[in-house]
Amino acid sequence: MKTWITDFMEQFGYLGIMLMLAFENIFPPIPSEIILPFGGFMTTTSDLTIPGVLIAATIGSLLGAVVLYWIGRLLDVSRLERIVERWGGWLRISAKDIRRADAWFDKYGYWTVLFCRMIPLVRSLISIPAGMSGMKFGQFMLFSAIGTLGWNTLLILLGAALGESWEDITGYMDTYSNIVYIGIAAGVVLLGVLFIRRRQAAGKARSQTTK
């Protein structure tokens, strides 16, 4: 995949960088950890400039984020509630749980979008719950742009600074990504345990009140 990505970027320049970042946001397996440092490296071997690469990368990232945002809008909370009301029993999830999660995202969603745009994998997927929650599009774009700009700037500058050694960044980013994934997995397990315990406690409370 790395060879295909770098060949595409070398052939199409700014346009290639923009398209690669748009695809990366929609299909997270395409790694920005390769695209951005290589884009920075290209500024040392071609007519591309760091500001130009940064602008192209940021536009591409936001285009991909917009696609996932509108997918989230199509899967809005009311539709998700209807799905949960029909099938949620299998997962022990209720419409109330969906509303609670939506309320949490309404309160903290903008900052969540900002910081998640700098976390591998999550940086793409966060656009979907943002759309589902009905987050205002303008504010979604603003916070996405700020987070994306920070992430893109860091990796592009590192790629330019390291030059031909730009691939060294991928090793560090793999370590960072693995730590993030472990943290996410641990968080999901913890939330699942807390959720199950809360449901069990609520069930015991209801059974005691009916006696």
Side-chain angles (χ1 to χ4, degrees), residues 17-37 39 54-81 83-84 91 93 95 97-156 169-170 172-192 194-195:
I17 294 169
M18 184 183 71
L19 292 176
M20 280 289 101
L21 265 298
F23 292 146
E24 181 266 339
N25 273 261
I26 300 172
F27 305 106
I30 297 177
S32 63
E33 294 85 350
I34 292 177
I35 302 168
L36 295 170
L54 181 58
I55 291 171
T58 301
I59 291 174
S61 296
L62 293 178
L63 287 174
V66 167
V67 172
L68 294 183
Y69 171 87
W70 286 107
I71 289 175
R73 290 300 294 265
L74 293 175
L75 298 171
D76 60 20
V77 173
S78 60
R79 291 187 180 184
L80 187 59
E81 284 180 352
I83 294 172
V84 167
L91 301 175
I93 298 175
D97 297 319
I98 299 299
R99 288 191 293 271
R100 186 183 294 113
D102 182 56
W104 183 92
F105 204 89
D106 285 342
K107 187 175 182 180
Y108 302 107
Y110 295 111
W111 296 110
T112 302
V113 168
L114 173 63
F115 290 111
C116 284
R117 293 297 299 175
M118 293 178 278
I119 299 176
L121 182 62
V122 179
R123 65 189 303 271
S124 301
L125 301 179
I126 193 61
S127 301
I128 296 177
M132 290 177 63
S133 70
M135 180 182 289
K136 293 180 179 178
F137 182 71
Q139 291 174 307
F140 165 76
M141 290 297 291
L142 173 63
F143 282 84
S144 292
I146 295 172
T148 297
L149 194 61
W151 175 262
N152 291 355
T153 299
L154 174 63
L155 294 186
I156 289 170
I169 299 173
T170 59
Y172 294 105
M173 293 309 301
D174 285 343
T175 301
Y176 171 59
S177 299
N178 289 335
I179 293 172
V180 169
Y181 297 153
I182 291 171
I184 292 173
V188 170
V189 171
L190 178 60
L191 289 174
L194 293 175
F195 177 76

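Everything numeric here is computed off the predicted structure, so don't read it as measured data.
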Peer 1: Can you check side chain to side chain contact (heavy atoms under 4.5 Å, CB included) on Val67 and Ile71, steps first, answer last?
Peer 2: CA-CA 6 Å; Val67 172; Ile71 289 175; 4.2 Å; yes

Peer 1: Please work out which of the three classes, parallel, tilted or perpendicular, describes the rings of Trp111 and Phe143, given edges at 30° and 60°.
Peer 2: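 Ring orientation, 0 to 90° scale: perpendicular.
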
Peer 1: Answer yes if the side chains of Arg117 and Asn25 hold a donor-acceptor pair under 3.5 Å, and no otherwise.
Peer 2: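 The criterion, which ignores hydrogens and geometry beyond distance, is satisfied for Asn25 and Arg117.
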
Peer 1: I'd like to check Pro37 versus Ile156 (side-chain heavy atoms, cut-off strictly below 4.5 Å). Are they in contact?
Peer 2: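 A side-chain contact under 4.5 Å is absent here.
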
Peer 1: How long is the straight-line distance from CD1 of Ile59 back to CD1 of Ile17, given to the nearest 0.5 Å?
Peer 2: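 With rounding to 0.5 Å, CD1 (Ile17) is 11.5 Å from CD1 (Ile59).
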
Peer 1: Any side-chain heavy-atom pair from Leu36 and Trp151 closer than 4.5 angstrom?
Peer 2: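 Result yes, sub-4.5 Å side-chain heavy-atom pair found.
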
Peer 1: Quick one, Thr148 and Leu21 - any side-chain contact, counting heavy atoms below 4.5 Å?
Peer 2: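 Answer no - side chains too far apart.
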
Peer 1: Just wondering, do Phe140 and Ser127 contact through their side chains at under 4.5 Å, heavy atoms?
Peer 2: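 Side chain of Ser127 against side chain of Phe140, heavy atoms only: contact under 4.5 Å found.
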
Peer 1: Just how far is it from atom OG of Ser144 to atom CE of Met135, taken to the nearest 0.5 Å?
Peer 2: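 Separation between the atoms: 8.0 Å.
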
Peer 1: Has Tyr69 got a side-chain atom pairing as donor or acceptor with Met132's backbone, closer than 3.5 angstrom?
Peer 2: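 Absent.
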
Peer 1: Apply side chain to side chain contact (heavy atoms under 4.5 Å, CB included) to Met141 and Val66, showing your working.
Peer 2: CA-CA 8 Å; Met141 290 297 291; Val66 167; 3.5 Å; yes

Peer 1: Can you tell me how far apart CD1 (Ile146) and OG1 (Thr58) are? Round to the nearest 0.5 Å.
Peer 2: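 It is 12.0 Å, given to the nearest 0.5 Å.
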
Peer 1: Which is it for Lys136 and Tyr110 under the side chain to side chain contact (heavy atoms under 4.5 Å, CB included) test, yes or no, and what are the steps along the way?
Peer 2: CA-CA 10 Å; Lys136 293 180 179 178; Tyr110 295 111; 4.0 Å; yes

Peer 1: Please find the pair of heavy atoms, one from Ala130 and one from Val113, that lie closest to each other, and give the distance.
Peer 2: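 Between these two residues, the closest heavy atoms are CB-CG2, 4.1 Å.
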
